[in-house]
Amino acid sequence: MSTDLQFYLAGKPQRIEGLDPTLTLLDYLRDHRALTGTKEGCNEGDCGACTVLLGHYEPLSETIQYRAVNACITLLPAVHRHWVVTVEDLSDGPNSLHPVQSAMVQHHGSQCGFCTPGFVMSLAAMHLDGAAPDAAETYIAGNLCRCTGYGPILEAAKDSVGAPRDPAFTAKEETAKSWFRSLTPDTGLFYETKAATSAHDAGSGEIYDAPVSLKALLQARAERPDAVLVAGTTELGLWLNKDLQDFPDLISTTRVPEMTAVTFQPDGTLVIGGAATYEQAWPLLRQVIPEGQDWFDRFASKHIRQQATIGGNVVNASPIGDGPPVLLALNAAVEMSSVNRQRTLPLATFFTGYKQTALAADEVLTGIHIPPREPHTYFSAVKVSKRRDQDISAVMAVFSWRVSNGYFHDVRIAFGGMSATPMLASGVNAALEGKGVSTEIIKSAMQALSRDFKPIDDLRASAWYRMTVAQNLLEDALRETIDASTSAAGKVPA
Ligand SMILES: Cc1cc2nc3c(=O)[nH]c(=O)nc-3n(C[C@H](O)[C@H](O)[C@H](O)COP(=O)(O)OP(=O)(O)OC[C@H]3O[C@@H](n4cnc5c(N)ncnc54)[C@H](O)[C@@H]3O)c2cc1C
Ligand code: FES
Ligand code: FES
């Protein structure tokens, strides 16, 4: 087991000990290494000014896979055994430009320049992935620019994506590969500082424990129930940076292969490991809900989806999380494991109150089970938020039902943003179950909805707005099914 952090940065292997494990990658780069090309804007994952690439070596293909991440909410120990690529690495010194930088110059993609290194890194990720030019908006959805406007930047992205690999960057990649090959097998990380790092925990030391087996993860959870589990840090990073909370003992779930696996069981159940990110899960989850593409695209940004786990979204139990309503409508179950037992609960009973769950202190959420969908099920997931990308929902509405012989069956409608927890609309579901598909049921369903929820007023939306939007979305979804069945039966909708 490694007790120091090892990563590759600025053309050299790095070994770190003694630094606070909750130091962010951004603060390390800027304050400890003077790599100030990486900027600090919001410090909460929203603006992309701090974008860097994390390179991960795939030994079978002998390639490095890159992902753009927000350094401001990435903890330094999370880059253990990665290549941290900063904007300083892209070109071959101050007098040369990488193809994405040249394209930014040619298309006038920069004015004040504050956002530019972040955009350049996102465009570099797109270039290295060999993405299609029309993927440009996806790659930069996590970057904000306050003065240039996005048109020239999108043009630069489209222009540079097909450019040949930069020879200077390829040479740096080869030296990074040599470093990856020199690493001994990964047996886990137990990184501990002895020095006092704040008045609050003076003398106590701080721990970042990242086991590589499920057994070791559950053992650590059992031995240190006060430790905080951490996955993508897209929630925890904000508690650290904005709420100034201390996390003296962290256990990371993300290095355990079973936790990041996403597989179909023989009966068609999809099992998403408790530490699988949204991007890791989507290729198989999309097979279950192809209608969910817009929901997936609108979850934060690609930067965040590459870090954020579905398990973290569920355990966080936020009333405005976008994953839980979808999982509720899909009748998902959560698998929770401890050293002594494993149990599975329907997600509908997992949320016990505002940000409260049924997870016990010695348990880890190890999987999310999604049963196969019945054929001919209607499914739609609609997010209502002020901005299209990188915004939190005011209301999240998910509709799932099956129509057989003109009657509604298996009705599972769920909402986020309407109550203290993500919830099934149980009154609406009961009001529709077994009823004939006709416009007559719309009014009673909308009335049932107003009895199911008493939404709150807050900065995202008023209670009136939330209820009105939810009722309108319900009516739209019902009319879609009613129109489809009446036109299939050759009838004119009433
Ligand atoms: C810029 C930005 C945009 C965002 N946009 C959205 C959005 O559009 N929709 C949305 O729903 N959310 C959004 N979020 C919130 C966040 O990305 C999600 O909630 C995410 O899924 C959390 O996962 P994580 O792995 O980062 O959790 P972490 O921050 O690592 O952990 C969150 C909590 O879950 C616990 N936890 C994590 N994994 C486990 C486990 N396996 N077992 C037990 N406990 C566990 C941790 O202890 C912690 O309490 C956004 C966040 C940011 C910063
Ligand atoms: S500083 Fe804004 S995303 Fe990191
Ligand atoms: S160039 Fe000024 S913020 Fe983008």
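Bear in mind the structure is a predicted one, so any value in this text is a computation, not a measurement. Residues take their numbers from the sequence shown, with the count starting at 1. Ligands are counted one by one from 1 in listed order, and the atoms in each one are counted from 1 as well.
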Do me a favour and list the nearest non-hydrogen protein atom to [atom] with residue, atom name and distance?
{"atom": "atom 3 (S) of ligand 2", "answer": "G48 N, 3.2 Å"}
{"atom": "atom 19 (O) of ligand 1", "answer": "E235 OE2, 2.6 Å"}
{"atom": "atom 39 (C) of ligand 1", "answer": "V315 CG2, 4.2 Å"}
{"atom": "atom 27 (O) of ligand 1", "answer": "G312 CA, 3.9 Å"}
{"atom": "atom 43 (C) of ligand 1", "answer": "L229 CD1, 3.3 Å"}
{"atom": "atom 21 (O) of ligand 1", "answer": "T309 O, 2.8 Å"}

I'd like to know if the side chain of H369 pairs up with that of T344 as donor and acceptor (distance under 3.5 Å, no hydrogens or angles considered). no
Testing the basics here: between A394 and R460, what is the closest heavy-atom pair and its distance to 0.1 Å? CB-O, 4.3 Å
Nearest atoms (heavy-atom pairs only) where Y191 meets I16: CE1-O, 3.5 Å
For ligand 1, which atoms sit closer than 4.0 Å to a heavy atom of [X]?
{"X": "G45", "value": "1 (C)"}
{"X": "E44", "value": "1 (C), 53 (C)"}
{"X": "K383", "value": "7 (C), 8 (O)"}
{"X": "I392", "value": "5 (N), 6 (C), 13 (C)"}
{"X": "W239", "value": "33 (C), 48 (C), 49 (O)"}
{"X": "Q390", "value": "1 (C), 3 (C)"}
{"X": "G321", "value": "11 (O)"}
{"X": "L359", "value": "43 (C)"}

What do you reckon, does [X] have a nitrogen or oxygen under 3.5 Å from a nitrogen or oxygen of ligand 1?
{"X": "T234", "answer": "yes"}
{"X": "G232", "answer": "yes"}
{"X": "A300", "answer": "yes"}
{"X": "L236", "answer": "yes"}
{"X": "L365", "answer": "yes"}
{"X": "Y278", "answer": "no"}
{"X": "N316", "answer": "no"}

Any E363 heavy atom less than 4.0 Å to ligand 1: no
Does ligand 1 have any atom that is closer than 4.0 Å to a heavy atom of M336? no
Does R286 make a cation-pi contact with F296 (under 6.0 Å, within 45 degrees of the axis)? no
Please work out whether any backbone atom (N, CA, C, O) or any side-chain heavy atom from C-beta onward of L26 is under 4.0 Å from ligand 2, and answer side chain, backbone, both or neither. neither
Note: N70, heavy atoms under 4.0 Å from ligand 2, region reported as side chain
Of the backbone atoms (N, CA, C, O) and the side-chain heavy atoms from C-beta on, which set of [X] has a member under 4.0 Å from an atom of ligand 1: side chain, backbone, both, or neither?
{"X": "W295", "result": "neither"}
{"X": "D391", "result": "backbone"}
{"X": "N313", "result": "both"}

Distance under 4.0 Å to a non-hydrogen atom of [X]: what atoms of ligand 2 satisfy this?
{"X": "N43", "result": "1 (S), 2 (Fe)"}
{"X": "G41", "result": "1 (S)"}
{"X": "C42", "result": "1 (S), 2 (Fe), 3 (S)"}
{"X": "G45", "result": "3 (S)"}

C47 near atom 2 (Fe) of ligand 2: N/O/S under 2.8 Å: yes
Restricting to N/O/S atoms, is C72 within less than 2.8 Å of atom 2 (Fe) of ligand 2 or not? no
Residue pair R67, E279: steps toward the salt bridge (Lys or Arg N to Asp or Glu O under 4.0 Å) verdict: CA-CA 11 Å; R67 61 180 205 275; E279 289 279 340; over 6 Å; no
Taking the basic N atoms (NZ, or NE/NH1/NH2) and the acidic carboxylate oxygens, is any pair closer than 4.0 Å for E137 and K158? no
Among S301, A78, A231, the residue with a heavy atom nearest to atom 30 (O) of ligand 1 is A231
Quick test of your reading: applying side-chain hydrogen bond (donor to acceptor under 3.5 Å, both in side chains), list the pairs with at least one residue in residues 321-333, sequence neighbours left out, ordered by first then second residue. D322-K383, D322-S393, N331-R412
Around atom 2 (Fe) of ligand 3, number of protein N/O/S atoms which are nearer than 2.8 Å: 2
